[in-house]
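Report on the structure given below.
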Amino acid sequence: MKASVADDAATKICTAIARVPRGRVCSYGGIARVAGLPGRARLVGTVLRTSPTKRELPWFRILTASGKLAFPEGSEPYAEQRRRLEAEGVSFVNGRVDLKRFGWPREASLDEALWGMGEAQ
DNA sequence: AGCGTGACAAGGT
DNA sequence: GACCTTGCCACGC
């Protein structure tokens with residue numbers, strides 16, 4: 001099978017996504033940072049879009065830095081993601097999630113998250 | 001090999 | 001906040 005997305009990077013990204021706790025969310029850029037790939041938010045999107053293993057990941061806990069879902073409002077994917085998030089307690093206000101409240105990692109535990117990945121500078 | 005596209009983000013207006 | 005512009009870079013054609 002084709003490794004597509006720089007295999008290595010994809011693995012790191014998937015690992016990072018898998019770490020987002022239930023009832024919490026993380027931005028694409030946040031996942032990229034935790035994965036040790038700062039500035040590569042789009043790569044996270046590419047992985048989720050192309051990776052066949054996404055079924056096993058909490059892909060619905062990933063959203064944009066502004067707290068909005070990446071899918072167009074009204075689309076089926078949007079509905080499913082929002083349904084899954086609300087099912088685990090993540091609330092929406094005006095179509096967006098308050099990252100200060102449901103975001104992960106929290107500022108205080110960012111270091112810990114990076115250490116866990118063994119990617120801290 | 002070149003080019004448009006995209007499940008993004010940060011900075012400026 | 002909303003909108004634009006620029007940076008990013010893997011993918012497909």
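Since the model is a prediction, treat every value here as computed from it, not as a measurement.
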Distance in angstrom units between [X] [atom1] and [N] [atom2], rounded:
X	N	atom1	atom2	value
A:Phe71	B:dA7	CZ	P	8 Å
A:Tyr28	B:dA7	OH	P	9 Å
A:Lys68	B:dA9	NZ	P	11 Å
A:Arg49	B:dC8	CZ	P	10 Å
A:Ile17	B:dA7	CD1	C1'	10 Å
A:Arg82	B:dA7	CZ	P	20 Å
A:Leu48	C:dA10	CG	P	16 Å

Determine the minimum heavy-atom distance between A:Leu37 and A:Ala9, stating which atoms define it. CD1-CB, 3.8 Å
Taking the side chain as C-beta and beyond, is there a heavy-atom pair between A:Ile17 and A:Ile62 under 4.5 Å? yes
I want to check something: taking the side chain as every heavy atom from C-beta on, are A:Val34 and A:Val20 in contact at a cut-off of under 4.5 Å? no
Give me the distances for all protein-to-nucleotides 7-9 of chain C N/O pairs that come in under 3.5 Å?
from, atom 1, to, atom 2, distance (Å)
C:dC9, OP1, A:Arg40, NE, 3.3

Among all residues two or more places apart in sequence or in another chain, which pass the side-chain contact (heavy atoms from CB on, under 4.5 Å) test with A:Ser75? A:Phe71, A:Pro72, A:Pro77, A:Tyr78
At 4.0 Å (heavy atoms only), tell me whether A:Ser66 reaches a base, stays on the sugar-phosphate, or touches nothing. nothing
Between C:dG1, B:dC8, B:dA9, which one does the side chain of A:Ala70 approach most closely? B:dC8
Are the charged groups of A:Arg84 and A:Glu88 less than 4.0 angstrom apart, N to O? no
